[in-house]
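Worksheet: one structure, shown below.
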Amino acid sequence: MVEHTRQHPRLTQTKPPGLRQKLTLGALFIPEKLKGKRRINLLLFFHGGDWLPELSVTQQRDLAVITVQAGAGSSTYEKLFADPAIFPKLIAEVQTAANITFNEIDLGGWSAGCGALRQLLSDPASYARISRVLCIDGVHAGYIGVAAANNAAPAATDPVLEPKNLQSWLHFGADAIAGKKRLIITHSEIFPGTYASTTETADALLRQWNLTPHPVVLWGPMGTQILSETKSGRLLVVGFAGNSAPDHVDQLQSLPEYLHWLSRK
């Protein structure tokens, strides 16, 4: 389904100047304005292509990006870091190749790419190294008693979510509420049917954090409409209108603005 009431504006694809380097996993981009700096911040962004994350970090003060595009499905991204040694090896590779040191390491992902975030946050050593996380419309979980391969919707009116895929978010969110980390989660009204929607998972997380979503009616970036907003400490959960593919893409296209949100204390 596609609705035509709202426009779905798109950013113009550009190739900002800077250093680009292929890595063992993904590709590094350091904006031209950071040339010669030896200490900067790093964003790892999953499932967003290359040009949009590159464009987005050029609008930040001192942020480079590693972009990773691995295919479809959150499990594809999750498997990238099944070996906990992959993450520190990747960081060491970048720091050696570019002769830089990272002050902070942030994670970002859209849709299926959030599977990589979930996996990285499940490893204590990686978790300790990560400062801020941006999860764009990508926190999903299965339903108890419904196998993913069945391609069938749950029978219960109020189905129970599988808790496994929520544990990393619960932990990081609790630390964000306490001011130790920074976490932003966005969700839409898209209902997959055979597994939990991002609204269902957001509601489940908020309940376990003892928080209540606050209804609002606000314009968001790229012509989106914000329907709910919940803040506590350094945690921000934002719900958006829209249940079609263009609405999903709207949120990825909002990445430049989301990174401004992420950088706020």
If you apply the rule side chain to side chain contact (heavy atoms under 4.5 Å, CB included), what do you find for L117 with I130, and how did you get there?
CA-CA 10 Å; L117 279 56; I130 295 161; over 6 Å; no

Any carboxylate oxygen within less than 4.0 angstrom of a Lys/Arg side-chain nitrogen, looking at D250 and R10?
yes

Please test D106 against R182 for salt bridge (charged side-chain N to carboxylate O under 4.0 Å, His left out), starting from the C-alpha separation and ending with a verdict.
CA-CA 9 Å; D106 303 332; R182 171 69 162 156; over 6 Å; no

Result for side chain to side chain contact (heavy atoms under 4.5 Å, CB included) between L28 and one of T67, V65, V94 points to V94

Only one of L166, N165, L206 passes side chain to side chain contact (heavy atoms under 4.5 Å, CB included) with T201; say which it is.
L166

Taking only residues at least two apart or on different chains, which pairs with a member in residues 41-70 satisfy salt bridge (charged side-chain N to carboxylate O under 4.0 Å, His left out)?
R20-E54

Quick one: does any side-chain atom of [X] pair with a main-chain N or O of [Y] as donor and acceptor, under 3.5 Å?
X	Y	answer
Q69	G48	yes
T199	S188	yes
D247	S244	yes

Counting C-beta onward and ignoring hydrogens, is there a side-chain heavy-atom pair between [X] and [Y] closer than 4.5 Å?
X	Y	answer
L52	F45	no
S122	Q119	yes
Q13	L55	no
V68	L23	no
H187	S228	yes
L227	E189	yes

Taking I190 as the starting point, is it possible to reach V139 by hopping between hydrophobic residues whose side chains are less than 4.5 Å apart?
no

Hydrophobic clustering (ILVMFWY, side-chain heavy atoms < 4.5 Å, transitive) - are W209 and L161 grouped together?
yes

Which atom of [X] lies closest to which atom of [Y], heavy atoms considered:
X	Y	value
A112	G73	CB-C, 3.6 Å
L252	I136	N-CG2, 4.2 Å
I177	S232	CG2-OG, 3.4 Å
E162	I144	OE2-CA, 3.7 Å
V237	A202	CG1-CB, 4.2 Å
V57	P31	CG2-CG, 4.0 Å

Euclidean distance, [Y] [atom2] relative to [X] [atom1], rounded to 0.5 Å:
X	Y	atom1	atom2	result
W51	S56	CH2	OG	8.0 Å
L205	C135	CG	SG	9.5 Å
I66	L43	CD1	CG	9.0 Å
Q253	T224	CD	OG1	11.5 Å
I91	I86	CD1	CD1	12.0 Å
R6	W219	CZ	CH2	7.0 Å

Taking side-chain contact (heavy atoms from CB on, under 4.5 Å) as the test, write out the residues that go with [X], two or more places apart.
X	answer
E257	P221, H260, W261, R264
K89	A85
T76	A70

Name all pairs fulfilling the side-chain hydrogen bond (donor to acceptor under 3.5 Å, both in side chains) condition that reach into residues 30-39, sequence neighbours left out, sorted by first residue then second.
R39-N103

So W169 and L121, side chain to side chain contact (heavy atoms under 4.5 Å, CB included) or not? Walk me through it.
CA-CA 8 Å; W169 305 112; L121 295 178; 4.2 Å; yes

Ring pair (Phe, Tyr, Trp, His ring centres under 6.0 Å) involving F29 - partner list, sequence neighbours excluded:
none

Partners of F172 by ring pair (Phe, Tyr, Trp, His ring centres under 6.0 Å), sequence neighbours excluded?
Y127

In short, ring-ring contact (aromatic ring centres under 6.0 Å, His included) pairs touching residues 70-112 with sequence neighbours left out are F46-F81, H47-Y77, H47-W110, W110-H248

Take L90 and L44 through the side chain to side chain contact (heavy atoms under 4.5 Å, CB included) test and state the conclusion after the steps.
CA-CA 11 Å; L90 178 62; L44 280 77; 4.0 Å; yes

Set of side chain to side chain donor-acceptor pair (under 3.5 Å) partners for [X], sequence neighbours left out:
X	result
S131	none
E78	R118
E200	Y143, S197
E93	T24

Before you tell me yes or no, could you show the steps for L235 and L211 under side chain to side chain contact (heavy atoms under 4.5 Å, CB included), namely the whole-Å CA-CA distance, both residues' side-chain angles and the distance that decides it to 0.1 Å?
CA-CA 11 Å; L235 169 72; L211 298 174; 3.7 Å; yes

